[in-house]
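On a predicted model such as this, the values are computed, not experimentally measured, just so you know. To find a chain, count down the sequence lines: A is the first, B the second, and so on, and within it residues start at 1.
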Amino acid sequence: MATVTPSNPRRNVNRIGLDTKQYRGTKTTLCAGCGHNAISERIIGACYEMGIDPGRVIKLSGIGCSSKSPAYFLGSAHGFNAVHGRMPSVGTGALLANSKLIAIGVSGDGDTGAIGIGQFVHLMRRNLPIVYIIEDNGCYGLTKGQFSPTADLGSTLKTGVVNDLPPIDTCALAVELGATFVARSFSGDKKQLMAILKAALSHRGTAMVDVLSPCVTFNDHEGSTKSYSHVKEHDDPLEEVSFVPFFEDIAVDYEPGTTQAVPMHDGSTLYLTKLDEQYDALDKIQALRVLNETRRRGEFATGVIYVEPDRDDFLAMLNLVDEPLAQLPQSRVRPQRAALNEIMESLR
Amino acid sequence: MAVSDIALQDAPLADVTDPVVNDFSIRVATVNGSGSQTANLVLLRSIFRMGIPVSGKNLFPSNIAGLPTWFTIRASKDGYIARKPGIDLLVSMNAETAREDVLSLDSDAVVVYDAPLNLDGLRDDLVFYPVPFDKLVAEICRDAKLRRLVRNMIYDGVLANLLQIDMQQMDAALEKQLGRKPKAVALNRGALEIGYRYAAEHLEKRDRLVLAPMKKTKGLILVEGNAAAALGAMMAGVTVVTWYPITPSSSLCETLIDYLQKYRLDPETGKATFAVVQAEDEIAALGMALGAGWAGARSMTSTSGPGVSLMGEFSGLGYYAEVPAVIFDVQRVGPSTGLPTRTAQGDVLTTAFLSHGDTRHLMLFPASVEECYTMAIEAFDLAERFQTPVFVMSDLDLGMNTWMSKAFNYPKKPLDRGKVLDQETLDRIGRFGRYRDVDGDGIPYRSIPGADMPAFFCRGSGHNEWAQYSERPDDYQANVDRLARKFETARNWMPEPVVEINRKASIGIIAYGTTHWAIVESRDQLLAEADLQTSYYRVCAYPFRDALVSFIERYDRVYVVEQNRDAQMLSLMKLDVRPELANRLRSVLHYSGDPIDARTVTDSILIQEGYRVEKAGAQTTRLPHSAGVGGE
């Protein structure tokens, strides 16, 4: 495991003494300009700034361009590139084995919305503590540009084929199904995405982040509603998202009524400065309404769409011992002889 | 007054001339959902408690209430516990099947029946005992809802009287079955009592069937294979259980949950040292098990054929990415609607190569409830030792039926967690390469997330020995060759076969799983009826041990007996043995959904050996040797 000792120990290290290089992965093999690379950069930045120990992180993915990307960040963390659409189950199992792990899942719109919709649905229902990122470009990149289920009605392929089926809104679905942190962002919006990712990492429960991430090779043409320019023009931020982590003693002045301060599980605070006076990110009904309304207008509502910071996550419901199950010694997992004798007696 | 008092008061039953003692089958025909299972298990257990070897097989529909179900109890003084085709005593409670059930009986069989069914006119070569169940149950139970549930207990009382079952044992069996539910015990005791009395007062013994105490079940237990496997999993220290309900495997995880909740809560905190998750489907169930195995847990799932099919892709990933998990496959008959509640050994080939690419899986074949227990424990050790999914191939007959067994032993060996990277190993090997064959046995070292050892990126097929992404042909080939080497190493770690070499034998028999019990009986039949000596090789695992080859080498003809249509195990063996040895293998197949019986095996082997088999009884006639044996 390569580690880099900075020449000046005080220069560019985070709160656990690591520099950004230690959050990098291998060189990306995705297309130049791919939105997914920008997302990887933000993950690196968010983990670095949050001072997350890569040794505690597990990176999970399914199959597709998006799912290749966990190799390109946090190279010293364990990673599991699972099968198509089934990353949620692998992540669930890993967290059952070790509830202390920090899980970052990266999926795509096909991996989530098509083949993986079943596992996605149940992941959201369970509120498993995982940051679940969809790198959403509305097409299948790795198989050369077919429509995915998040492609918008009327959007076209490069060949001119028109999508005539309505899209699955993964955010609306996640809110409906019980995810406790639901956000949408744009790979081109560094500031917003970074703040959202940091908040997602502070959240205890499923943090579903749908990131519109244009496919520069197969879905960046005129007629596509997931092209860079189209998304940029139709990005409709709900609020200005800022985040103050628990370990930073920063007092934020804000005008009550315009900014919502959401206390996160780990003591951090998420500040949502409203651009729309009406919006309340703790209100599920409003979240669904705004998603529907923006979609009708052909726009993408971005920002933290819904957050429920206090609900018990899936692991909390299982009443597990404090130590990771994977690390329990034989003496704690193999019952004593008396137990077997008692069972044998009951069977006579 | 307790029911046991009746037995003490009553005079011995009428003399039976030429009795058939402790060697017959009882079939109870009821409607499912009518509480008959309690009555049937009490009957089974009371015979067991009399010291008589016994087995119980439930033939039930895929339905909750209202369809026919048959429970067959075989008492065998000789200890045979395979299914026996002929029925000696029928308890007929189901109007829908009564006629066909009676018409299918052999001559001289006994029928205890619900009086309004008027069955005694159907045949004149059977012994009929009518019992007015509705009238009797009305006398002891005012609640109409409960009547339906205790009504069946009356036939236990009737049989206790007719067959001379020890009423003290039946009473004890009732308490065992119902546990601490005094009201239920009292009500059912009343039903036993009235049945017993009715028989004593109204039925004159006219048949030859009698049960007499023996001492052949001392120290034994009665248990279903699924419960035994669950117990094994708990003693193996399973920590993550992920499953999806499916007949006939559901009771494995359900029983496991009961055991875990009783024996695996931390004594100080009351918190669980296990996690159980009911997944959304079998794909997710195995995905979770693999995720947990990758992260260092002892993980398992339990399923049946349809689930195994769905687990195909993940099984391959587990094989290539080298992730441990234990999968119990409680095999049943084919896909979809119809026979999910019938038994088979039909997943052998599918499972051996489950998934795509060059995949081979480790499989264990328990034949008994005891092996469900021991092999469950062994499966977890093998999964971690070989870092791969391990399949425990049980079946419905074993998993859901009640079997006698000697009590299970406490495991002697400590848990084998396999080659998990630690600092000492890292110092020794220098640099960690997840898929490097450091020790030459094909088994690499693995590091576990969260354990402060160097990490790796876990992928399917495209990686080199350092776990780096690679599409290079030489990397791929080197990796699959190492996986093959690992498989060869596993060969000598798998449970050994159980081999009985008979020096006088002219033929060999190979079987596995529950087929074993028919073989035990069939070998005795072959000897008694045709003086045919046999040797026997019972396969316990795949990959096969080398002993398989030397066994086949001994005989010109070796019969592979199994419960599927396509001779799946035989096919698997053909891949492993030289062609001239493969030519010696012959098949005996049984695939009706019923558990295999000895008669089927015996007749099939005799016919293939050139004997003429007369269908009436066990009479066989020997033909000139040249007439029938089709040996090369």
Side-chain angles (χ1 to χ4, degrees), chain A residues 1 26 29 54-60 68 70-71 75-84 86-98 100-101 118-119 121-122 126 314-315 318-322 324-328 330 332-335 337 339-344 346-348, chain B residues 220-223 231 234-240 242 259 263-264 266 269-275 277 279-281 283-299 313-314 317 321 407-408 410-411 414-415 447-452 454-460 468-469:
Chain A
M1 200 170 46
T26 58
T29 59
R56 277 187 62 206
V57 173
I58 49 171
K59 306 174 293 181
L60 303 147
K68 290 168 78 134
S76 58
H78 277 267
F80 199 145
N81 195 168
V83 292
H84 202 7
R86 323 291 183 192
M87 170 263 279
S89 61
V90 173
T92 305
L95 288 170
L96 294 172
N98 187 343
K100 307 279 190 234
L101 296 172
Q119 295 212 346
V121 163
H122 292 277
R126 291 193 180 102
F314 187 60
L315 299 177
L318 295 173
N319 186 36
L320 303 178
V321 291
D322 295 338
L325 295 180
Q327 292 169 12
L328 295 176
Q330 176 173 322
R332 297 188 64 190
V333 296
R334 172 172 282 171
R337 195 177 290 269
L340 183 67
N341 291 344
E342 183 179 280
I343 294 166
M344 288 301 108
S346 74
L347 297 171
R348 286 188 210 280
Chain B
L220 301 187
I221 57 168
L222 274 181
V223 68
L231 191 49
M234 176 171 74
M235 299 308 285
V238 68
T239 46
V240 175
T242 52
Y259 282 143
Y263 296 105
R264 284 280 300 278
D266 186 278
T269 61
K271 289 184 172 183
T273 61
F274 60 88
V277 173
E280 53 269 37
D281 56 28
I283 301 174
L286 184 56
M288 290 177 191
L290 289 175
W294 167 66
R298 291 210 136 185
S299 63
E313 189 183 24
F314 256 135
L317 181 71
F408 303 158
Y410 194 74
L415 309 185
S447 62
I448 286 168
D452 297 327
F456 71 98
F457 201 94
C458 187
R459 289 185 183 89
Q468 292 158 337
Y469 185 78

- More than 12 foreign heavy atoms under 6.0 Å from CG of B:Asp452: is that the case here? no
Show me, pair by pair, the donor-acceptor contacts under 3.5 angstrom made by side chains of residues 283-291 of chain B, not counting sequence neighbours?
none

- Heavy-atom side-chain contact between B:Tyr410 and A:Met344 under 4.5 Å: no
- Query: Is the closest side-chain heavy-atom distance between A:Leu96 and B:Thr239 below 4.5 Å?
  - Reply: no
- Note on the structure: So, the part of A:Arg334 with a heavy atom under 4.5 Å from chain B: the answer is both
- If you count heavy-atom pairs under 4.5 Å with chain B, which of A:Val83, A:Thr26, A:Leu328 comes out on top? A:Val83
- Atom OH in B:Tyr263, atom CD in A:Glu342: separation rounded to 0.5 Å? 3.5 Å
- Note on the structure: Honestly, the part of B:Arg459 sitting under 4.5 Å from a heavy atom of chain A is both
- Examine whether an atom of A:Leu340 lies under 4.5 Å from a heavy atom of chain B, and if so say whether it belongs to the side chain, the backbone or both; otherwise answer neither. side chain
- Query: Taking side chain as C-beta onward, heavy atoms only, is B:Phe314 less than 4.5 Å from A:Ser89?
  - Reply: yes
- Task: Considering only heavy atoms and a distance below 4.5 Å, find which of A:Ile343, A:Leu101, A:Leu60 pairs most often with chain B.
- Result: A:Ile343
- Message: With rounding to the nearest 0.5 angstrom, report the OH to CG distance, B:Tyr469 to A:Asn81.
- Response: 8.5 Å
- Task: Mind checking side-chain contact (heavy atoms from CB on, under 4.5 Å) for B:Ala451 and listing every partner two or more places apart, or none if nothing turns up?
- Result: B:Ile448
- Task: Below 4.5 Å from any heavy atom of chain A, which atoms of B:Leu220 appear? Answer side chain, backbone, both or neither.
- Result: backbone
- Item | Atom group of B:Tyr259 that falls short of 4.5 Å from chain A, counting heavy atoms | side chain
- Note on the structure: Closest heavy-atom pair, A:Arg332 versus B:Asp266, reported as atoms and distance to 0.1 Å, is NH2-OD2, 2.5 Å
- B:Arg264 and A:Val333, any side-chain heavy atoms less than 4.5 Å apart: yes
- Against chain A, label B:Thr273 side chain, backbone, both or neither, depending on which of its atoms sit under 4.5 Å from a heavy atom there. both
- Query: Does the side-chain contact (heavy atoms from CB on, under 4.5 Å) test come out yes or no for B:Glu280 and A:Val121, once each step is laid out?
  - Reply: CA-CA 9 Å; B:Glu280 53 269 37; A:Val121 163; over 6 Å; no
